[in-house]
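In what follows, a single structure is set out as structure tokens and then discussed.
What you are looking at is a predicted structure, and each value in this text was computed from that prediction instead of being measured. Every chain is numbered from 1 and lettered A, B, ... according to where its sequence line falls, protein lines coming before strand lines. As a basis for the values below, the full set of heavy atoms in this structure was taken, side chains included, without hydrogen atoms, waters or symmetry mates.
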Number of protein chains: 2
Amino acid sequence: MSVGDRPGNAPEDRREERRAALREALLAAAERTIAAQGLAALRARDLAREAGCAVGAIYTVFPDLDALALAVNLRTLNLFDAALGPAERPDGAIDGPAAAADELVRLGLAYLAFAGAHPLRWDALFRHRPPPGQRAPDWYVAEQARLFSRIERPLAALRPDLPEPECRLLARSLFSATHGIVALGLDEQRMALPVATLRVQLEILVRAMATGLTAQVSGDCRSGT
Amino acid sequence: MSVGDRPGNAPEDRREERRAALREALLAAAERTIAAQGLAALRARDLAREAGCAVGAIYTVFPDLDALALAVNLRTLNLFDAALGPAERPDGAIDGPAAAADELVRLGLAYLAFAGAHPLRWDALFRHRPPPGQRAPDWYVAEQARLFSRIERPLAALRPDLPEPECRLLARSLFSATHGIVALGLDEQRMALPVATLRVQLEILVRAMATGLTAQVSGDCRSGT
DNA sequence: CAGAGTTATGAACGATGTTCAGTGCGCTGC
DNA sequence: GCAGCGCACTGAACATCGTTCATAACTCTG
């Protein structure tokens, strides 16, 4: 149990190791807290007690509690990404508009299922606001973009006529619409719908959007501003 | 300028008058603060200073700051209701599916316009959470229901086959989807789309939903579960 | 093993919402 | 008109936050 029993472990490595262990302990404690009591329950003193360190130690591995919440949110995003299954379907590309619509519905239902299974964690994803003037880190928006690309693939199959920028934009809007249905539908203070009811609503509307979008392909959209 | 110059003014009336004046001053100050700096800037001490009273006086007319925020939110809802124009169109009922879709698009664009014109006020509507375990007041959900009924009318015209409960439910989900597009689209931390771009996206998707919903009227929805 | 350098500690600071004993004011009865 | 009473307002005080920093404890070097 001596300090330097492993050869090649420079002192600075061991320091980094301790830092990483503390970081992990804090992250785990924060994750438990958010999952069990929500983002608002994330308090420095409780966190330090749970992680077995002093309050000041938190600020040696995270600039502030916002960064810690952001780190938890990244884990939530990864969790959701895993819940969606492998990015590429084994059978390759999506063959037709019907399959594309089915895939969009599948993604929407998976989103709803995840939000229903981890309500507080998922709530933290959108409730958390960085301090004013501060931008979200690059790795965070990159992770977001990775998830959006899951929508872009079936959408491109649904609307092969769309140029790529428009497709990316529409994919994001499609996500936003789905998010709205899930977020307000699960919101206890606003709609508080049962998940089963919400599933039906979500499928109805996502399928309606898919159908309606294919109908617009013939360029009959008379709303050209 | 004597105290009791108006006959019939009982002392308890004057007390109530003073309370109402204080309430109004606080509400106005809170409204200014939220409109200019957002819900997070609502602080008891600043509020008292702006309204010209002591901090403790706030708690003689509002149970807590949450109630004050809720009162501001009610005003915002009323403001939005007014921005939507008269509830009943002068020409009476909506005649066909095309007019119904147009009305849904109009409502969605009005929602976006309002959110864009009063971003912080509108943000406060959804960011504000009552303390856990506390339900939203009845007058608040009633005001919400009044707004939802604006969607139910064109939706009923679009889908006359739907029973009233399903129509109410679908109207709420339609609102949720629209809200998602607007909320995430305007969110500086997530999408931060220009309002003009967002207008196009919103119209595309609302029209798609309207088209898709009419297509589902023939009962070909193969996802009956 | 002594000393230098680094890291963790937790009391302290400033800001927050909320409370409450004290104060001042207005109304009431003479 | 005035004494006395009761209520409402005051603002200092309290509890609880996030965050900081002087100090203690510890680790590695020579």
Side-chain angles (χ1 to χ4, degrees), chain A residues 1-26 29-30 33-34 37-70 128-132 134, chain B residues 1-26 29-30 33-34 37-70 128-132 134:
Chain A
M1 284 294 186
S2 77
V3 175
D5 53 354
R6 294 270 291 276
N9 263 7
E12 61 266 23
D13 286 351
R14 291 200 55 81
R15 265 186 293 175
E16 205 53 44
E17 218 171 274
R18 286 179 58 86
R19 276 179 61 87
L22 176 58
R23 208 186 132 87
E24 190 52 41
L26 284 168
T33 302
I34 288 181
Q37 300 159 264
L39 184 62
L42 205 68
R43 283 182 283 267
R45 286 163 181 81
D46 295 350
L47 226 45
R49 187 158 33 76
E50 264 216 63
C53 69
V55 283
I58 296 172
Y59 297 88
T60 67
V61 287
F62 289 102
D64 51 30
L65 287 192
D66 277 320
L68 185 45
L70 211 61
H128 177 258
R129 314 287 303 184
Q134 193 174 324
Chain B
M1 285 294 184
S2 77
V3 175
D5 53 354
R6 292 271 292 276
N9 263 6
E12 60 265 24
D13 285 350
R14 291 199 57 79
R15 264 185 296 175
E16 205 52 46
E17 219 171 272
R18 287 177 59 85
R19 275 178 62 86
L22 177 58
R23 206 186 134 88
E24 190 51 42
L26 284 168
T33 303
I34 287 181
Q37 301 159 264
L39 184 62
L42 204 69
R43 282 183 284 267
R45 284 162 181 80
D46 296 349
L47 226 44
R49 186 159 31 79
E50 263 216 64
C53 69
V55 282
I58 297 173
Y59 297 89
T60 66
V61 287
F62 289 103
D64 50 33
L65 288 192
D66 277 319
L68 184 46
L70 211 60
H128 177 257
R129 313 288 302 185
Q134 193 174 325

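Considering CG of B:L70 and CG of B:D66, their distance stands at 8.0 Å, rounded to 0.5 Å. Atom CD1 in B:I58 sits 5.0 Å away from atom CG in B:L47 (nearest 0.5 Å).
Counting atom types as modelled, B:R45 pairs a side-chain N or O with a base atom of C:dG17 as donor and acceptor under 3.5 Å.
B:R18 has its CZ atom 6 Å from the P atom of D:dC9, to the nearest Å. One interatomic measurement links the two molecules: CG of A:L65 to P of D:dT20, which rounds to 11 Å at whole-angstrom precision. The interatomic distance linking B:R49 (CZ) with D:dG11 (C1') rounds to 15 Å, in whole Å. Whole-Å rounding puts the A:L39 CG to D:dG18 C1' distance at 14 Å. Counting to the nearest Å, the P atom of C:dT9 and the CG atom of A:L26 are 11 Å from each other. Atom CZ of A:R19 is separated from atom P of C:dT6 by 14 Å (rounded to the nearest Å). Straight-line distance from the CD1 atom of A:I58 to the C1' atom of D:dT19: 10 Å, rounded to whole Å. The nearest whole Å value for the distance from the CG atom in B:D46 to the C1' atom in C:dG17 is 12 Å.
Between B:T60 and D:dC9, a side-chain N or O to OP1/OP2 separation shorter than 4.0 Å is present.
Residues A:R19 and A:V61 come closest through the heavy atom pair O-CG1, 3.7 Å. Taking both residues in full, the closest heavy atoms of A:A69 and A:L39 are given as CB-CD1, 3.9 Å, listed atom of the first, atom of the second, then distance. Minimum interatomic distance between B:A30 and B:L68 (heavy atoms only, all atoms of both residues): CB-CG, 3.9 Å.
Across D:dT10, C:dT16, D:dG18, the shortest atom-to-atom separation from the side chain of A:Y59 is found for D:dG18. Nearest nucleotide to the B:L22 side chain, out of C:dG17, D:dT19, D:dC9: D:dC9. Side-chain proximity of A:D64 to C:dG17, D:dT19, D:dT10: nearest is D:dT19. In this structure, of C:dT19, C:dG10, D:dC17, it is C:dG10 that holds the atom nearest to the side chain of A:A54.
Using a 4.0 Å heavy-atom distance criterion, A:L42 is classed as a sugar-phosphate-only contact.
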